[in-house]
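Input: a single structure, listed below in structure tokens.
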Amino acid sequence: MRLRYAIGLSVFVLLLSVGLWHLVPSMQEGEPVPEKPWQQFETPDASVGTEEDPYARRRYRWMRLRNPQSNRIPPNIRVREVDFAKQLPKTQRKVSTWSRRGPSNVGGRTRAVAYDASDPSGETILAAGVSGGMWRTTDGGESWARTFEPGQRPSVTTVVQDTSGGKRDVWYAGTGEAIGNSASGIGGALYKGNGIFKSTDGGRSWRKLPSTDSNPVQFESPFDFVYRVRIDPSNTAQDEVYAATYNNILRSVDGGDSWTAVLTGSPTNPSQASAYTDVAVTSTGVVYATLGGGGEQCGIFRSSDGRNWTEITPSGWPGGGACSGDFFRTVLDVNPSNESEVWFIAYAPGYGPTASD
């Protein structure tokens with residue numbers, strides 16, 4: 001009795017399944033669909049788009065697989081997909097392993113790192129911390145020594161070595177964190193610097209350049225915030241140094257003993273200023289600079305002698321080169337393997353791709 005009941009129940013379920021299957025439209029490869037393809041999945045109770053829609057998943061799959069021009073799923077699409085995948089170039093995935101090298105904790109947030117070009121082993125490295133000062137390692141980061149004295153302003157933002165002939169023991173470090181620093185103690189406020197420091201013993205000790213001295217309490221000098229220091233290695237007759245500071249690109253030809261503002265964001269109106277600047281120098285002495293965040297002139301500039309500048313801001317750049325709220329900070333660097341190639345990264349809210357694009 002039980003056996004007959006089980007057999008009858010199985011037959012009933014089979015017939016019911018076959019009947020329901022015939023009620024569901026097929027999605028065979030190459031099969032045409034109605035002019036309004038979603039209608040083939042509609043149910044009498046108009047449940048399309050609701051939680052009760054029984055064909056929602058089939059409709060979703062069809063919409064993903066169909067050719068939008070023919071409203072068909074292309075014939076042999078799976079075979080063609082596999083054949084295409086076989087033709088794709090195969091690459092080996094290389095996983096890099098990273099290990100912490102410091103300086104940790106008292107080093108603060110590391111803003112700049114530079115290898116000592118006079119050490120062919122690559123083990124001598126200088127690191128600049130925005131709340132920890134200058135640090136130096138001679139064993140690839142296994143151990144570090146703080147090279148700033150306790151009384152020297154610790155907010156270092158940039159460091160550079162003079163790599164021109166016979167001067168590799170000379171280094172420059174700029175101070176002042178204008179963007180915000182947790183060490184300020186008031187929620188990421190700015191951390192004033194105190195000019196540019198110079199080392200003549202390979203970064204083991206530093207002295208502040210008197211020409212860049214400023215009041216550490218009041219904001220009174222462009223050297224309060226130094227974004228970048230760069231060297232012109234092509235000028236072997238002079239110690240040519242550039243500093244990107246608050247509102248100015250400054251140039252020195254005597255190793256930092258004196259400075260001249262060669263590009264400024266406020267040439268005629270001191271009440272206006274470019275809050276953000278940057279500078280880069282090629283091995284042949286071509287200088288690139290950026291001004292942004294206010295002032296009378298903003299954008300990207302180029303100079304072949306460090307004194308005369310040409311604006312090269314491309315059309316369509318955020319803010320159009322105008323000193324508006326759209327043109328904020330732009331940083332740049334030169335490709336050392338191809339110095340005709342210069343890279344710029346701009347902070348420009350409201351421009352570029354967004355999540356909705």
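These numbers come from a predicted model, not from an experiment.
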Inset, instruction - Say whether, by atom type as modelled, one donor and one acceptor occur between the side chain of S274 and the main chain of G294 under 3.5 angstrom. - result: yes
Legend entry - Neighbour count >12 (heavy atoms, 6.0 Å) for atom CD1, I345: no
Legend entry - Nearest atoms (heavy-atom pairs only) where S283 meets S234: O-CB, 3.3 Å
Inset, instruction - With the side chain counted from C-beta on, respond yes when T236 and K167 share a heavy-atom pair under 4.5 Å apart, and no when they do not. - result: no
Legend entry - T138 side chain reached by E123 side chain, heavy atoms, under 4.5 Å: no
Inset, instruction - Quick one: closest heavy-atom pair of G292 and C298, and the distance? - result: CA-SG, 4.0 Å
Legend entry - Spatial distance of atom CZ (F301) from atom OG1 (T290) [nearest 0.5 Å]: 9.0 Å
Legend entry - Interatomic distance, I125 atom CD1 to D139 atom CG [nearest 0.5 angstrom]: 9.0 Å
Inset, instruction - Keeping the roles fixed (side chain from W135, backbone from T110), state whether a donor-acceptor pair exists under 3.5 Å. - result: no
Inset, instruction - Kindly check if the number of other-residue, nucleotide or ligand heavy atoms within 6.0 Å of CZ (F219) is above 12? - result: yes
Inset, instruction - Give a yes or no on whether the ring-centroid distance for F197 and F148 is below 6.0 angstrom. - result: yes
Inset, instruction - Give a yes or no answer on whether the side chain of N67 reaches the backbone of I73 with a donor-acceptor pair at less than 3.5 Å. - result: no
Inset, instruction - Tell me, with the steps shown, if V331 and R228 meet side-chain contact (heavy atoms from CB on, under 4.5 Å). - result: CA-CA 10 Å; V331 297; R228 199 85 64 193; 4.1 Å; yes
Inset, instruction - Measure the shortest side-chain to side-chain distance between E81 and P74 over non-hydrogen atoms and say whether it is less than 4.5 angstrom. - result: no
Inset, instruction - Answer whether the closest heavy-atom distance between the side chains of D254 and Q238 falls below 4.5 Å. - result: no
Inset, instruction - Spell out, yes or no, whether V241 and V253 are grouped together once hydrophobic residues are joined by side-chain heavy atoms under 4.5 Å, including indirect joins. - result: no
Legend entry - ILVMFWY network linking V156 to L126, side-chain heavy atoms under 4.5 angstrom: yes
Legend entry - Single-linkage hydrophobic cluster, 4.5 Å side-chain cutoff, L263 and V279 together: yes
Inset, instruction - Examine the side chains of S118 and D169 and answer whether a donor and an acceptor come within less than 3.5 Å of each other. - result: no
Legend entry - Residue pair A128 / M134: nearest heavy atoms and the distance that separates them: CB-SD, 3.7 Å
Legend entry - Check: S211/D257 side-chain N/O donor and acceptor closer than 3.5 Å: no
Inset, instruction - Check step by step if side-chain contact (heavy atoms from CB on, under 4.5 Å) holds for V159 and V229. - result: CA-CA 7 Å; V159 63; V229 179; over 6 Å; no
Legend entry - V281 with W309, same ILVMFWY side-chain cluster at under 4.5 Å: yes
Legend entry - Distance, nearest 0.5 Å, that separates CG of D232 from CG of D239: 11.0 Å
Inset, instruction - Heavy atoms only: give me the nearest P222-N248 pair and the separation to one decimal. - result: CB-ND2, 3.8 Å
Legend entry - Pairwise distance CD1(I196) to CG(L250) - rounded to 0.5 angstrom: 8.0 Å
Inset, instruction - Report yes or no: does S303 contribute a side-chain atom to a donor-acceptor pair with the main-chain N or O of N308 at less than 3.5 Å? - result: yes
Inset, instruction - Kindly say whether the aromatic ring centers of F344 and Y288 come within a distance under 6.0 Å. - result: no
Legend entry - N/O donor-acceptor pair under 3.5 Å between R168 side chain and Q161 backbone: no
Inset, instruction - Check for a donor-acceptor pair, side chain of Q297 on one end and backbone N or O of T264 on the other, with a separation under 3.5 Å. - result: yes
Inset, instruction - Decide yes or no on side-chain contact (heavy atoms from CB on, under 4.5 Å) for I231 and T163, but give the supporting numbers first. - result: CA-CA 8 Å; I231 306 293; T163 57; over 6 Å; no
Inset, instruction - Could you tell me whether a side-chain N or O of R146 sits under 3.5 Å from a main-chain N or O of G132, the two making a donor and an acceptor? - result: yes
Legend entry - Minimum heavy-atom distance between T284 and E339, given as atom pair plus value: N-OE1, 4.1 Å
Inset, instruction - Please check if any side-chain donor atom of T124 sits under 3.5 Å from a side-chain acceptor atom of D119, or the reverse. - result: yes
Inset, instruction - State whether the side chain of S266 and the backbone N or O of Q272 hold a donor-acceptor pair below 3.5 Å, judged by distance alone. - result: yes
Inset, instruction - Nearest 0.5 Å please: distance from the CG atom of N194 over to the CG atom of L209. - result: 11.0 Å
Inset, instruction - Output yes when a side-chain donor or acceptor of T137 lies under 3.5 Å from a complementary backbone atom of S143, and no otherwise. - result: yes
Legend entry - Pair Y191-R153, side-chain contact (heavy atoms from CB on, under 4.5 Å): steps then yes or no: CA-CA 10 Å; Y191 197 152; R153 201 67 172 173; 4.0 Å; yes
Inset, instruction - Answer whether the closest heavy-atom distance between the side chains of R307 and R251 falls below 4.5 Å. - result: yes
Inset, instruction - Specify the closest pair of heavy atoms between A346 and T330, including all atoms of both residues, with the distance to one decimal. - result: CB-OG1, 3.6 Å
Legend entry - Main-chain N/O of V226 paired to T157 side chain as donor or acceptor, under 3.5 Å: yes
Inset, instruction - Output yes when E311 and R302 qualify as a salt bridge under the 4.0 Å nitrogen-oxygen rule, no when they do not. - result: no
Legend entry - Polar contact flag, side-chain donor to acceptor under 3.5 angstrom, N335-N338: no
Legend entry - Between OG on residue S205 and CH2 on residue W171, distance to nearest 0.5 Å: 13.5 Å
Legend entry - D224 side chain reached by Y246 side chain, heavy atoms, under 4.5 Å: no
Inset, instruction - Treating Ile, Leu, Val, Met, Phe, Trp and Tyr as nodes and any side-chain heavy-atom pair under 4.5 angstrom as an edge, say whether F223 and V160 lie in one connected cluster. - result: yes
